[in-house]
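What follows is a single structure, written as structure tokens, with notes after it.
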Amino acid sequence: MTGPVLTVDGITKSFGDIRAVRGVAFHIEPGETYGLLGPNGAGKTTSINIIAGLLEPDAGSVMVLGQPLTTRTTRPKKAVGLVPQELAIYPDLSARENLGFFGRLYELAGDQLTRRIDHVLEVVGLADRADDQAKEYSGGMKRRLNIAIGLLHEPALLILDEPTVGVDPQSRNAILEAVEQLSSVGMAVLYTTHYMEEAERLCDRVGIIDDGEIKAEGNRRELVALIGEKDRIVVEAGGPMDGVLSSIESIAGIGGATAADGRYDLLADDAASVLPAVLAAMSSHHLTVTSLQVIEPDLEAVFLHLTGKALRD
């Protein structure tokens, strides 16, 4: 298809005097993972419920594959897979039986259903435990089964609402690896999390929501630029220091430089683009580089700046 898989245009929602969502708008392209990050009470859950067609907005619209999605529409909902925070599985059924049940709800049957069940079990790493009852699973395995159910009908848009909360490290890594695979097959993913490192790893773009509004949106580099944060380059090098610092400071893209005892601390708009020139300048002054470290500003700094809160608050 051409155009976004999901388009959210100015949705609003109030509960009495509480304005939970205030004009939220964003889009997700095919093969893109979009992170919706915000502290508790920011409006994430309300927005997710509207996007999934579980809650009617007061204003605004949601489009999936170019079709309007509301609480009353059915066709665009078939293009959405929802993996909620709460587990939606039957503990007395095996993983295969759970998937068979939900597959029939999606109007899958026969060989097609069997193939899809086998495929999603492989994706989430449960193929070897497919015939065990879900109640025998660890918390992380249950979460992985939850994701398999959301993937079963090959949705164009997968909504993952904090899928790794409370899971063991092995299951968490399996979940993250599965999500990384989805973009490679063109699936659009809407991802919410309380773990900033997950957003850094998975998300092509991030929307930071607070007080029901999108405060900023973009990839990591674009968001960091909003608050003027720069990359830091730390170089340790042996040799004469005379004239080196002035040569480095003259390089376009260097925003500041200090040196002491063979250690050079540099600030740069984009470390990757200036490193060749920095190393060339040091080489021309007969310095021998013994260590080099690039420290990039992260989304946590942006989040704190825009919301005044940590992500888990």
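Within a 6.0 Å sphere centred on CZ of R201, other residues, nucleotides and ligands contribute more than 12 heavy atoms. Annotation: I18, atom CD1; neighbour count of heavy atoms from other residues, nucleotides and ligands within 6.0 Å does not exceed 12. Enclosure of atom NZ in K215 by more than 12 non-hydrogen atoms of other residues, nucleotides or ligands within 6.0 angstrom is indicated. Other residues, nucleotides and ligands contribute at most 12 non-hydrogen atoms within 6.0 Å of the OH atom of Y90. Within a 6.0 Å radius of CD in Q170, no more than 12 heavy atoms belonging to other residues, nucleotides or ligands are found.
Nearest heavy atom pair, residue L55 against residue F15, reads CD2-CZ, 4.0 Å. Shortest non-hydrogen contact noted between E32 and D204 is CA-OD2, 3.4 Å. Shown here for L151 and L182, the closest heavy-atom pair between the two residues is CD2-CD2, 3.7 Å. Considering all non-hydrogen atoms of both residues, L113 and G103 come closest at CD1-CA, 3.7 Å. Considering every non-hydrogen atom in both G23 and T12, the closest pair reads N-CG2, 3.3 Å. Taking every heavy atom of both residues into account, V80 and P76 meet most closely at CG2-O, 3.7 Å.
Salt bridge E222/R205: absent, no basic N to carboxylate O contact under 4.0 Å. Salt-bridge formation is detected for the pair R221/D270: a Lys NZ or Arg NE/NH1/NH2 atom is positioned less than 4.0 Å from an Asp or Glu carboxylate oxygen.
For the pair Y137/P91, no side-chain contact is recorded, criterion being any heavy-atom separation below 4.5 Å from C-beta on. Between V206 and R220 the shortest side-chain heavy-atom distance does not fall below 4.5 Å. Residues E86 and N146 fail the side-chain proximity criterion, which asks for heavy atoms closer than 4.5 Å. In this structure, the side chains of Y264 and L245 come closer than 4.5 Å at one or more pairs of heavy atoms. At a threshold of 4.5 Å between non-hydrogen side-chain atoms, the residues L202 and T193 do not count as touching. I209 is listed as a side-chain neighbour of S47, based on a closest heavy-atom distance under 4.5 Å. When side chains are defined from C-beta on, V179 does not count as touching L158, because their heavy atoms never get closer than 4.5 Å. The shortest side-chain heavy-atom distance between P84 and D161 does not fall under the 4.5 Å cut-off.
No chain of hydrophobic side-chain contacts below 4.5 Å, direct or via other Ile, Leu, Val, Met, Phe, Trp or Tyr residues, connects I28 to M187. Hydrophobic clustering of Ile, Leu, Val, Met, Phe, Trp and Tyr side chains at less than 4.5 Å, counting indirect connections, unites L37 with V302. In terms of hydrophobic clustering, with Ile, Leu, Val, Met, Phe, Trp and Tyr side chains grouped at heavy-atom distances under 4.5 Å, V64 and I11 are assigned to a common cluster. Follow the hydrophobic side-chain contacts under 4.5 Å out from L145 and you reach L105 in the same cluster. Linking Ile, Leu, Val, Met, Phe, Trp and Tyr whenever their side-chain heavy atoms come within less than 4.5 Å leaves V294 and V224 in two separate clusters.
At least one donor-acceptor pair closer than 3.5 Å links the side chain of N98 to the backbone N or O of L93. Counting only distance, with no hydrogens or angles, the side chain of R143 and the backbone of Q85 share a donor-acceptor pair below 3.5 Å. Judged by distance alone, with hydrogens and angles left aside, the side-chain atoms of E162 form no donor-acceptor pair with the main-chain N or O of T192 at under 3.5 Å.
Once rounded to the nearest 0.5 Å, the distance linking CZ of R232 with CG of L266 reads 9.5 Å. Atom-to-atom distance recorded for I149:CD1 and L99:CG is 5.5 Å, nearest 0.5 angstrom. The structure places CD1 of I295 at 10.0 Å from CG of L267, a figure rounded to the nearest 0.5 Å.
Between E198 and T164, the side chains place a donor N or O and an acceptor N or O closer than 3.5 Å (distance only, hydrogens not considered). Of the N and O atoms on the side chains of H285 and D242, not one donor lies less than 3.5 Å from an acceptor on the other residue.
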Is there a side-chain hydrogen bond (donor to acceptor under 3.5 Å, both in side chains) between E217 and Y34 once you walk through the steps? CA-CA 10 Å; E217 181 188 67; Y34 185 97; 2.6 Å; yes
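The side-chain tip of R172 points at the ring of Y195 from less than 6.0 angstrom away and within 45° of straight on.
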